[in-house]
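Notes to accompany the following structure.
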Amino acid sequence: MTKFITQLSYSVRTVFILTMVLTLAIILYQFSNNLSRLTNEHNNDNTNVKFQYFIDNDNAMSFEQIRENIHQFKHVKGSEIPFALKDQTYWLIVSIENVQENQKPYVLYVDNKLLDVFNVYRMVNETSIEKIISVPSLLNQAYPHIDIDMSTKRKQAFLVQLRTDGPPNMPIQLIQKTAFTQHVLFAQLLYGAFIGVILLMALYNFVLYFAVKDKVYLLYIGYLISAFFIMSSITGFGYFMFNIALNQLIDKYLVILHFLLVFFLLSFTLFFLRYERSKGLWYRITMLSCGILMVLAVFSLTLDQIQQATLFFAIQPAVLLLALTLLLKQINTNFSWAKYYLASWVPLIIGAAIQPAVLLNFINYSFLTSNAFLIAMILEVSFMAFALAERMKRNEQDKIENIAYHLSSGIPRKSNIEGAINTLALNKSRDFSVIIIKPEHIEKVTLYINDDMNTALFKRLYKKLSSLFNYNDAVVPLTDKNEKLCLINNTSLAFILDNTINEQPLETLVQSIQQIVFENFHLTNLQLPLGAVIGISTHPSHGNKSHQLLNRALIATKNAENSVEKWAQYADNANDTTNYLFKLSNDLKQAIEHDTLALYHQPQVDLRTLRVCSSECLLRWQHPEEGFIPPSIFVPIAEDMGLIHELTFWVIKKALTQQKYLMDTHGFNHLVSINISGKDICSKGFLAKTLAIIESCDVATDKIIFELTESASFTDNDFAMHVIEQLTELGITISIDDFGTGYSSMSQISHLPFQELKVDREFVENINQDKKRLVIAEATVKMAKGLGLEVVAEGINSEQDEETLRQFGCDIGQGYYYAKPMSLEEYEQWLLSLVNGRVKQPLDGEYIPAAK
Ligand code: C2E
Ligand code: MG
Ligand code: MG
């Protein structure tokens with residue numbers, strides 16, 4: 001049914017368009033038919049007209065002198081009077097013989113709207129010549145003519161004086177009054193159409209300009225306005241539109257307007273065809289030409305009109321040739337609108353060639369030839385509407401492409417898969433799966449690599465997977481270009497599998513994807529092959545909307561992370577986990593805002609003096625319903641949910657306030673160690689905000705240690721490195737936390753601005769019971785010492801642990817052996833209970849103060 005309606009509306013539309021085109025064609029045919037009838041009427045005449053002419057080259061002869069020279073006038077046909085581009089006066093004798101004693105009224109008409117002198121004298125005989133004074137009227141100005149009464153005599157003669165510094169051709173005709181009236185009507189109709197088209201088009205371009213802010217539309221308006229003024233002057237319709245003064249001004253600067261016209265035409269062509277995008281040779285040549293045109297236009301203000309016109313007509317062909325070259329060069333590119341533009345040029349070029357040829361008296365004058373440019377402009381502007389619409393359409397398509405594809409990688413965006421899912425889901429029982437591919441640990445990895453590297457990795461993966469899916473018909477194309485994969489966020493790709501076609505076991509497909517990811521997604525300098533985590537949701541059982549199926553496939557990837565095979569189908573209870581995560585992060589936000597988190601202190605002890613040298617601040621969260629939640633659970637959630645900065649600032653502020661309290665109240669002068677997340681270091685506002693907090697708490701920076709986990713991976717991140725360097729310069733000690741558990745190696749650390757290294761408690765706890773730990777811990781401490789770093793051992797649980805690490809050269813110890821993390825009050829009491837700040841009585845030997 002819908003198909004039928006679509007088909008029907010398509011047919012109706014076609015019929016409608018065809019009818020419109022047909023109607024327009026009939027109107028045009030009728031119009032041109034009438035035009036030719038009008039032209040014929042001029043010739044179908046019973047009068048005999050003869051012309052004689054005489055040229056006064058320097059406009060110096062008086063009327064008397066002319067009268068004395070009447071016998072020197074040369075006989076000529078009316079259309080062959082040699083009007084030339086010179087400022088001179090033409091004297092004509094028009095002799096009329098009324099063969100059949102025609103009674104109809106006649107008109108002597110000169111079709112040049114820029115006449116400066118038009119005087120007509122009736123020659124009664126050689127001596128008696130009287131001037132005919134015509135009534136000055138608008139019609140007379142726009143169509144210079146004089147009424148001739150044919151009834152009085154069979155034969156009569158007139159002396160006509162003509163002069164102009166405008167277009168030189170002054171076609172003079174004797175026509176019947178009725179034909180003249182018709183001529184005027186047709187001309188008015190044509191001007192009306194012209195003005196209408198120009199105004200509409202200018203308006204259309206204004207709208208386009210305000211819609212898309214593309215200056216090309218302003219240039220076209222400039223072109224239209226220049227054309228409008230030029231035509232108003234040449235055709236004379238300006239007399240009906242403007243006052244005399246403005247009209248005279250336009251006439252005076254007619255050639256300058258021509259310069260403007262070609263300037264706008266050239267610059268419009270340049271930008272319309274998007275040459276500014278490449279800024280190549282042709283762009284520069286055209287820009288230079290536009291500059292030259294403007295200079296010449298200004299220069300020609302110093303010339304008289306005849307010289308101006310000579311200059312203009314000399315350079316016009318070159319300009320048109322340049323514009324045409326620009327056009328032809330672009331015609332073979334994919335700028336389809338260039339073709340319409342070219343089409344619009346065909347009438348323009350024909351009109352532009354005929355018009356000056358008529359004005360300069362190279363081509364015979366007729367209604368059609370004299371208005372050729374006007375008609376050409378109407379056609380050109382109409383074609384241009386198509387070209388502009390086509391260009392607009394392409395702009396829109398470009399925008400859609402930008403929306404549909406990621407700019408940096410060119411990989412289709414999420415919107416593509418959403419569209420495809422929703423289309424497939426129209427069939428309510430269709431069996432298909434949405435499958436998400438996420439490289440393992442990608443969230444952590446992206447923290448440490450730059451965007452370019454991330455893009456390169458995904459592009460490579462996209463290419464490899466695309467070739468895997470290329471010949472698999474069960475994988476559904478997502479775009480018109482048959483692309484089958486898209487990026488749904490910064491870390492995952494997704495595709496649709498049509499289960500009705502798929503013959504392969506899901507497991508086999510998943511494994512081949514994992515193999516491809518394993519082979520292609522690794523970071524060169526970390527040598528870290530990553531597998532893929534894959535999550536699957538299926539229509540219709542897991543939902544029928546794109547967002548449901550995508551979210552559920554994402555939840556499945558979360559579950560897959562903890563599975564052995566690293567892939568999972570969505571299971572209904574997975575939703576509970578997400579809800580739980582949301583609830584927890586929301587509660588955490590509340591806890592930060594209401595200050596219900598607690599900061600505990602775990603002392604760090606100088607292994608040589610056994611004095612407390614600092615304390616590590618550790619977050620504690622007593623959840624009102626869930627009870628105690630360890631930081632190893634909620635800190636990663638804060639990182640994932642975007643709460644980490646708030647949390648860190650809360651910790652810094654709390655830690656420094658407590659530190660200040662301990663210093664001021666008891667005079668303790670040990671340091672305070674604060675855990676900072678990698679996400680903090682990579683964030684823009686971190687440094688400034690931290691400094692502001694330090695300042696407000698009034699704690700010296702050399703009393704502060706920032707502990708960073710996996711800090712060595714910051715090597716690739718210039719921004720993070722810069723922040724770390726600035727913190728170091730300010731006097732803050734930077735410590736590498738949990739050393740040994742991550743990707744960092746000693747050689748990477750060696751050239752980074754860290755001062756302290758914390759050996760993870762994995763290598764410290766019960767060190768003497770495990771040979772492996774012993775070897776690793778010893779090597780780590782010795783190498784770090786060799787690099788001049790201060791070494792802290794976490795997780796010291798016994799005197800043996802302490803002794804062994806001291807022997808290796810470890811500086812500081814931290815662990816349950818000394819104290820568990822304590823609340824501020826407990827910590828304060830604990831500190832006060834120490835004798836001389838020492839956790840135990842001094843060992844034998846010399847007292848060495850803490851190095852810090
Ligand atoms: P971490 O920075 O490595 O902190 C040391 C952890 O080891 C603490 O666990 C501490 O209680 C525990 N510990 C210390 N000595 C011993 C010992 O002798 N034996 C054993 N078994 N454990 C010991 P906690 O407090 O659960 O913190 C876990 C992790 O949570 C911290 O590891 C740190 O990465 C993170 N964390 C804690 N507080 C913050 C914080 O304010 N900000 C950030 N970003 N992370 C924090
Ligand atoms: Mg720590
Ligand atoms: Mg640690």
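Computed from heavy atoms alone, side chains included, the values below leave out hydrogens, waters and symmetry copies. As the structure lists them, so they are numbered: ligands from 1, and atoms in each ligand from 1.
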Numbering the atoms of ligand 1 from 1, which are under 4.0 Å from a heavy atom of [X]?
X	value
Gly815	15 (N), 18 (O)
Val651	41 (O)
Asn797	17 (C), 18 (O), 19 (N)

Going by atom types alone, do [X] and [Y] pair a side-chain donor with an acceptor below 3.5 Å?
X	Y	result
Tyr661	Glu828	yes
Glu794	Gln814	no
Glu639	Ser677	yes
Gln807	Glu803	yes

What is the nearest protein non-hydrogen atom to [atom], stated with its residue, atom name and distance?
atom	answer
atom 16 (C) of ligand 1	Tyr816 CE2, 3.4 Å
atom 14 (C) of ligand 1	Gln602 OE1, 3.0 Å
atom 11 (O) of ligand 1	Pro821 CG, 3.5 Å
atom 21 (N) of ligand 1	Glu765 OE2, 3.1 Å
atom 3 (O) of ligand 1	Asp738 OD1, 3.0 Å

Does the distance from a Lys or Arg side-chain N to an Asp or Glu carboxylate O, for [X] and [Y], drop under 4.0 Å?
X	Y	answer
Lys589	Glu646	yes
Asp811	Arg608	yes
Lys583	Glu625	yes

Which is the closest N/O/S atom of Glu616 when seen from the Mg ion (ligand 2)?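 This residue's closest N, O or S atom turns out to be OE2.
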Is it the case that atom [atom1] in [X] sees more than 12 heavy atoms from other parts of the structure closer than 6.0 Å?
X	atom1	value
Lys464	NZ	no
His666	NE2	yes
Lys785	NZ	yes

Measuring to the Mg ion (ligand 2), does Asp738 have an N/O/S atom at a distance below 2.8 Å? no
Closer than 2.8 Å to the Mg ion (ligand 2): does that hold for any N, O or S atom in Ser673?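 Coordinating: no.
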Under the 4.0 Å line, does any protein heavy atom show up next to atom 32 (O) of ligand 1? no
Would you confirm whether any non-hydrogen atom of the protein falls under 4.0 Å from atom 1 (P) of ligand 1? yes
Shortest heavy-atom approach to [atom] - which of [options]:
atom	options	answer
atom 26 (O) of ligand 1	Ala819, Ser735, Pro631, Gly795	Pro631
atom 8 (C) of ligand 1	Asn675, Leu618, Ile796	Leu618
atom 9 (O) of ligand 1	Lys654, Glu616, Lys758, Arg761	Arg761

So which atom in Leu834 and which in Arg838 form the shortest heavy-atom distance, rounded to 0.1 Å?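 Minimum heavy-atom contact is CD2-O, 3.5 Å.
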At a non-hydrogen distance cut-off of under 4.0 Å, which region of Glu794 contacts ligand 1 (side chain, backbone, both, or neither)?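 It is the side chain that touches ligand 1; the backbone stays farther off.
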I need the contact type for Asp737 against ligand 1. Using non-hydrogen atoms and a strict under-4.0 Å cut-off, is it side chain, backbone, both or neither? side chain
Does any N or O atom in Leu619 lie less than 3.5 angstrom from one in ligand 1, N or O only?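 Yes, Leu619 has an N/O under 3.5 Å of an N/O on ligand 1.
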Regarding Glu707, does it place an N, O or S atom less than 2.8 Å from the Mg ion (ligand 3)? no
Below 30° counts as parallel, above 60° as perpendicular, anything between as tilted: where do the rings of His670 and Tyr827 land?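 His670 vs Tyr827 ring planes: perpendicular.
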Which atom, among the N/O/S set of Glu794, is closest to the Mg ion (ligand 3)? OE2
Taking the Mg ion (ligand 3) as the reference point, name the nearest N/O/S atom of Asp737.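 The nearest such atom is OD1.
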Here's one to test your reading of the geometry: is the NZ or CZ of Lys820 within 45 degrees of the ring axis of Tyr816 and under 6.0 Å from its centre?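 Yes, Lys820 sits over the ring of Tyr816.
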